[in-house]
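Lettering follows sequence order; numbering is per chain, from 1. In this text, all values refer to a predicted model and were calculated from it rather than measured experimentally.
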2 protein chains.
Amino acid sequence: MNTLSYGLLALLTANPLTGYELTQGIKPLWRAGHSQIYPLLQSMEEKGFIRHERIEQSDKPDKKIYTITEEGISVLQEWVRLPAEPAVLRDELHFKLYSLWLTEPDEAKALLQRRMEFNRSELQRYNLLIKANEALLDERGETRELKATTFGRYLLLQKRVMAMKASIEFCEWAIGELERSSPPPG
Amino acid sequence: MNTLSYGLLALLTANPLTGYELTQGIKPLWRAGHSQIYPLLQSMEEKGFIRHERIEQSDKPDKKIYTITEEGISVLQEWVRLPAEPAVLRDELHFKLYSLWLTEPDEAKALLQRRMEFNRSELQRYNLLIKANEALLDERGETRELKATTFGRYLLLQKRVMAMKASIEFCEWAIGELERSSPPPG
DNA sequence: GTTGCATATGTAAAAGTAGACATATAGATA
DNA sequence: TATCTATATGTCTACTTTTACATATGCAAC
């Protein structure tokens, strides 16, 4: 069982989902394509951690709705208690910043501006997810406490928001440093 | 040529380095082991982007000092100008936070505390690297401007520092939220 | 003494990831 | 009419990454 498998189990504790929905839903948490997810679902079903129900659809292709089993919850619980490995971050921008002296001022600025715009759109996306999670909290009549299923997601989404804000601040600051050192014509 | 190859070229623009030094030096920028780096150096030498000089040592194993070629600088420059792909972040903690309701309060707190301590040690490491970069700036008589080779590293290290600080702030905040919802005995 | 660490370079196997290929329907857009 | 997007599930290949294996010396700790 790799990390992604446990992630799929984690998503399935909230509600039963199809492979397609898992592919969409895991995006804010982990980068993975459907070609990774479908085989893992099959292997976890063989292990007895999840089971599926086939739903026939006339307008769209048939789908499989996966549900986590008691055993699945149990192995997930054991895993969650284990210390988390350090995060793995791979960012091309690190190398491009390191080599920034090889670029022209407008290219350097464009590099940072593109990243900033991407971060801003990500931030918006996370804010929407936070709203959806708040709605779910109300719907379930939960309060903000550890045993509420919406609580962990609340923490997680705040983590992403704080990281995105920090990244945007960096871009703004770095663009400022660039403009200070090589003022644009105007 | 993959991203890591360009990263190695980037490091080699600052000074000639051995494969071992590259393995150590790339750590703050990208996660990679020596088993990835040595084959890439061989392949880049075949392409003419770097060349090496063998240094015989009596007390330690012989080493190869790699230098970037004109052609290497040129391909790196072309690559740096291309837009940077979005960063890839894979953090187990995301899944563990999502499943936090499966844990006990002290386990949840320990999860965040361990991450916070790791982040703090990383922050210290980056602060040392910033000092070393400042020293290099002085040594070379450079000022903080784009064309100085220390400038990009200055930006990059600030990026890492800001990200680490944001992560530490998140951990502190999240531990606070946990304590609010399930106060510790005392 | 021996275990572990730093230096130094490599290879091999296994696991994980990305991108394309494959199929099928419905609806929107060009 | 053709292309694109969303839904829905799958496979296959190429590439990247991790972990272990392999060798060699000197030094410090136990």
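Under 4.0 angstrom from either OP1 or OP2 of C:dG27 there lies no side-chain N or O belonging to A:Lys60. The phosphate of D:dT9 has neither OP1 nor OP2 within less than 4.0 Å of any side-chain N or O from A:Tyr20. Distances shown here put every side-chain N or O of B:Arg31 at or beyond 4.0 Å from the OP1 or OP2 atom of D:dT16. For the OP1/OP2 pair of D:dT18 and a distance below 4.0 Å, the side-chain nitrogens and oxygens of B:Gln36 include at least one atom meeting the criterion. Considering only side-chain N and O atoms, A:Gln57 lies under 4.0 angstrom from the phosphate OP1 or OP2 of D:dA8. Contact annotation: B:Arg90 side-chain N/O to C:dG16 OP1/OP2 distance is not under 4.0 Å.
Remark on DNA chain C: of its neighbouring residues A:Thr3 and A:Ser58, the 5'-side contact belongs to A:Thr3, judged by nearest-heavy-atom nucleotide. Positionally, the nearest nucleotide of DNA chain C for B:Lys64 lies more toward the 5' end than for the other of B:Lys64 and A:Ala32.
Counting non-hydrogen atoms under 4.0 angstrom, A:Arg54 reaches nothing in the nucleic acid. Within the nucleic acid shown, B:Gly19 comes within 4.0 Å of sugar-phosphate atoms alone, with no base atom in reach, counting heavy atoms only.
For C:dG19, its base sits under 3.5 Å from the side chain of A:Ser35 at one donor and acceptor pair at least.
Between the P atom of C:dG19 and the NE2 atom of A:His34 lies a distance of 12 Å, rounded to the nearest Å. Atoms CD (A:Gln24) and P (D:dA8) sit 10 Å apart, rounded to a whole Å. Atom CG of B:Leu89 and atom P of D:dT17 are 15 Å apart (whole Å). Across the protein-nucleic acid pair, A:Asn2 atom CG and D:dT19 atom C1' stand 15 Å apart, rounded to whole Å. Rounded to an integer number of Å, the gap from A:Trp30 CH2 to C:dT17 C1' is 11 Å. Residue B:Lys63 contributes atom NZ, which lies 14 Å from atom C1' of D:dT25 at whole-angstrom precision. Atom pair A:Ile26:CD1 and C:dT17:C1' shows a separation of 13 Å (rounding to whole Å applied). Protein atom OH of B:Tyr38 is 13 Å distant from nucleotide atom C1' of D:dT23, rounded to whole Å.
Ring geometry, B:Tyr6 versus B:Trp79: the interplanar angle falls under 30°, so the pair is classed parallel (tilted spans 30 to 60°).
A:Thr149 and A:Glu142 share a donor-acceptor pair across their side chains, judged by distance under 3.5 Å alone.
For the pair B:Arg144/A:Arg180, no side-chain contact is recorded, criterion being any heavy-atom separation below 4.5 Å from C-beta on. Side-chain atoms of B:Met44 and B:Leu12, non-hydrogen and from C-beta on, never get closer than 4.5 Å to each other.
Classification of A:Lys109 and A:Glu179 as a salt-bridged pair holds, one side-chain N sitting under 4.0 Å from a carboxylate O.
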